[in-house]
Amino acid sequence: MYKPKAGLPTREQILDFIATSDVPAGKREIAKGFGLSAQDKIGLKALLKDMADEGLIDSAPGRAFHKMGGIPKVTVLRITDVDDGGNVWAVPERWEAEGVPPPRLRVRERKRGALGVGERILARTEEAGNGWIAHPMKVLAPASEQVLGVLREDGGRLWLTGVDKRERREFAVADAGGAAPGDLVLAELAGKPPKIAARVVQKLGDPFAARSFSLIAIHKLGIPDVFSQEALDEAERVSKLPLGEGREDLRDLPIVAIDPEDARDHDDAVWAEADEDPSNAGGWKAIVAIADVSFYVRPKSEVDREARRRGNSVYFPDRVVPMLPEILSAEVCSLKEGADRAALACHLRIGKDGSLKSWRFTRAVVRIAANLAYEEAQAIIDAASPVVDERGDMLSALQPLWACWHALAKARDARAPLDLDLPERRVVLDEQGRIMSVSPRERLDAHRLIEDYMIAANVAAAKALEAKKAPVMYRIHEPPSREKLAALKEYLETFDVPFALGQVVRPATFNHIIERIGDADFRPQVMEQILRTQTQAYYAPGNHGHFGLSLGSYAHFTSPIRRYADLLVHRSLVSAYGLGEGGLPADDAANMESVGEIISRLERRAMEAERDTTDRYVAAFLSERVGQVMDVRITGVTNFGFFATVEGIGGDGLMPVRDLGGEYFRFDEGARTLTGEHSGDVFAQGQTMELRLAEANPVSGALRFEMPEGKGAAQPPRGGRKPVREIKRRGRPANIRHQGKRR
């Protein structure tokens, strides 16, 4: 199949060989397949190690290789489930593809009912259609599936309740391992249904204690939160590097960093002044200074391996799991007031209409004039009076920034990016980690100012690399699919809002919908539905534009302390502009596609962890208000009930249809409503009403509501719904009839 040739094979040839080999392909088989010499075998070993570091391949037991995200031809599997139909499902026991869930394989048993949950098998695997099949070869010593949960006592027995709100099973505890009721534990499951038992293998403490909710997410999603000693030692060494010669000296400029009040690190700082060049009359000069992480974190170093494994920092209300060791992320790389720092400076010339006239990139040394919170910077501008302290006159530093920003804002308005003003929840803790408040984060002009400067720098980075014909890790946001647009049209029809499918859809199309709605009660729900219509942004080296920002070329350049994608862009700029050491290696440039896939998955993992943790904090905050009647807004309607969120606080909770009474309710899938057959009561997405909080579980983040005594449903925002399904309120959904096309 493979013709021996002189020299090493390419990465693509090795991946092809591994995928098509009839036997497990280790280094020996690969060398033999390509007819490599003894000298070439040394290079092959290094190449395979690089491919493993890049996330292209992984090694199976016995040192055979397989594609990352794939499964070895012969491997150890763990039985995780036996469904109601008797089908046995398993996952690979060893799975290290960061951010990628292990695939489930259907096990073809020779003897029905021979395998139970927790058992381990050596199996031959094959890909079949869109899934995988496992053929058992040998049953191995037993092991178990691991579950994160909380112990509770009932009837003199211990039970394990999982922290995942989607997990509705409880497991009898066979061995508590010294843990007590109420403890958060990691447990192994073993046995066959219905006799699956849990054995505690690690006690993690009190799940309700301060700073435990983020720990749940870290364990549940497998987020690396401990650096290797080698990485820590290396970070300590490189932190002492001198800033080096040849840097542009920008220390005399009043560059300021404007960040959240609780920021753990400071990636970016900004400066602007009027441009005196007649060719840019009325325009501006600006600098966006970004931490020069590529100077300290070199490719293939231990710190770089750890950073790529994490993909990004993960931010929780009580802690941050950083991409880089703290001595770099919070100290040496962080742009701190009054300290000399290495920066990669983006120099911009901005026209009076906000257009980017030109850009250049330099390595620089900066001394930040001030670290300001958004609120502090906004207050100084609003007061419009000199604020002089040991840092100098802050007003004189901020006024040119605001004036230049007004020009950038003009350009933003002209391109009409997607404008969804959806509130972000902010959880405020005291020094002991106790919850003080949960509220929407205030949106200020200072936030918009920094966003627009960062967007300008990101655009400049992408266009600069394109001009140099250098590799770019783009931030891509593709237009919505036709299927999602059709669903949005159907949804908008329930509010008598027209939406034509044949038009060319731009971000402004959605902005016009929001403008047409005005201040209607259902405005937040329409914005939420428009958000759900959008595709998920991702990283890749092929440019497909950024639909939401209405930009043709866009990359992430401004946060290299916390995002690996930005570090790759920095390295490419260093190489393209000849700025010294720490540039992008050729093999990284050749494998941007696979790296982009990995860091995109890791970003989604971080988002899930942050969202789940905030939900747990919200549930903990509301747990003291169980039994109270509160204002809620319906956020989703299903055939088994509807979901509602507490106004001004957040947190989704279920109002089960079985708790609404005894009459039938018709579920309209298109309109997303439940309508009482006799009462005519309607529950519709977007509707506000009062509900009683029946349950708030801080461990899972789940809420449950019930109807206040003596109160019925609020009236819907619109009438006239088409029934799609009819559901009985008590018990499981009954008498289901389809009267329309199901999506």
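Position 1 is the first residue of the sequence, and the numbers go up from there. All values below come from the heavy atoms of this structure, side chains included, with hydrogens, waters and symmetry mates left out.
Between the side chain of Asp267 and the backbone N or O of Ile561, at least one donor-acceptor pair lies under 3.5 Å. Checking side-chain atoms of His512 against main-chain N and O of Ala508 turns up a donor-acceptor pair under 3.5 Å.
Thr125 is listed as a side-chain neighbour of Leu105, based on a closest heavy-atom distance under 4.5 Å. In this structure the side chain of Ile290 never reaches within 4.5 angstrom of the side chain of Cys346, judged on heavy atoms. You'll find the side chain of Thr688 stays beyond 4.5 Å of the side chain of Asp631, heavy atoms only. The shortest side-chain heavy-atom distance between Asn312 and Ile599 does not fall under the 4.5 Å cut-off. Leu691 is listed as a side-chain neighbour of Phe642, based on a closest heavy-atom distance under 4.5 Å. Proximity of Glu466 to Asn543: side-chain heavy atoms (C-beta onward) are separated by under 4.5 Å at one or more points. Two residues are said to be in side-chain contact when any heavy atoms from C-beta on lie closer than 4.5 Å; Glu610 and Tyr315 meet this criterion. Within the 4.5 Å cutoff, side-chain heavy atoms of Arg605 are placed close to those of Leu602.
Scanning for side chain to side chain donor-acceptor pair (under 3.5 Å) contacts around His556 gives Tyr539, with sequence neighbours left out. Residues passing the salt bridge (charged side-chain N to carboxylate O under 4.0 Å, His left out) test with Glu603 are Arg475, sequence neighbours excluded. Remark: Arg604 pairs with no residue by the salt bridge (charged side-chain N to carboxylate O under 4.0 Å, His left out) rule, at least two apart or across chains. Applying the side chain to side chain donor-acceptor pair (under 3.5 Å) test to Ser214 and every residue at least two apart in sequence or in another chain returns Asp318, Arg319. Remark: Asp268 pairs with no residue by the salt bridge (charged side-chain N to carboxylate O under 4.0 Å, His left out) rule, at least two apart or across chains.
Residue Met473 comes nearest to Ala555 through the heavy atom pair O-CB, 3.7 Å, listed as atom of the first residue, atom of the second, then distance. Nearest approach of Gly542 to Ile476, heavy atoms of both residues: O-CD1, 2.9 Å. Nearest heavy atoms, Thr535 versus Pro479: CG2-O, 3.3 Å. Residues Pro507 and Pro417 approach most closely at CB-C, 3.7 Å, considering heavy atoms. Closest of all the heavy-atom pairs between Ser559 and Asp566 is N-OD2, 2.8 Å.
Side-chain contact of Tyr538 with Glu478: a donor-acceptor pair under 3.5 Å is present, judged by distance alone.
Of the charged side-chain nitrogens involved, none lies within less than 4.0 Å of a carboxylate oxygen, so that Glu451 and Arg412 do not count as a salt-bridged pair. We find that Asp588 and Arg308 are joined by a salt bridge, their nearest charged nitrogen and carboxylate oxygen being less than 4.0 Å apart.
Proximity of the aromatic rings of Tyr474 and His544 is defined here by a centroid distance below 6.0 angstrom, and this criterion is not met.
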Show me, pair by pair, the donor-acceptor contacts under 3.5 angstrom made by side chains of residues 522-529, not counting sequence neighbours?
| residue | atom | partner | partner atom | Å |
| --- | --- | --- | --- | --- |
| Arg523 | NH1 | Ile514 | O | 3.3 |
| Arg523 | NH1 | Gly518 | O | 2.7 |
| Gln525 | OE1 | Arg633 | NH1 | 3.1 |

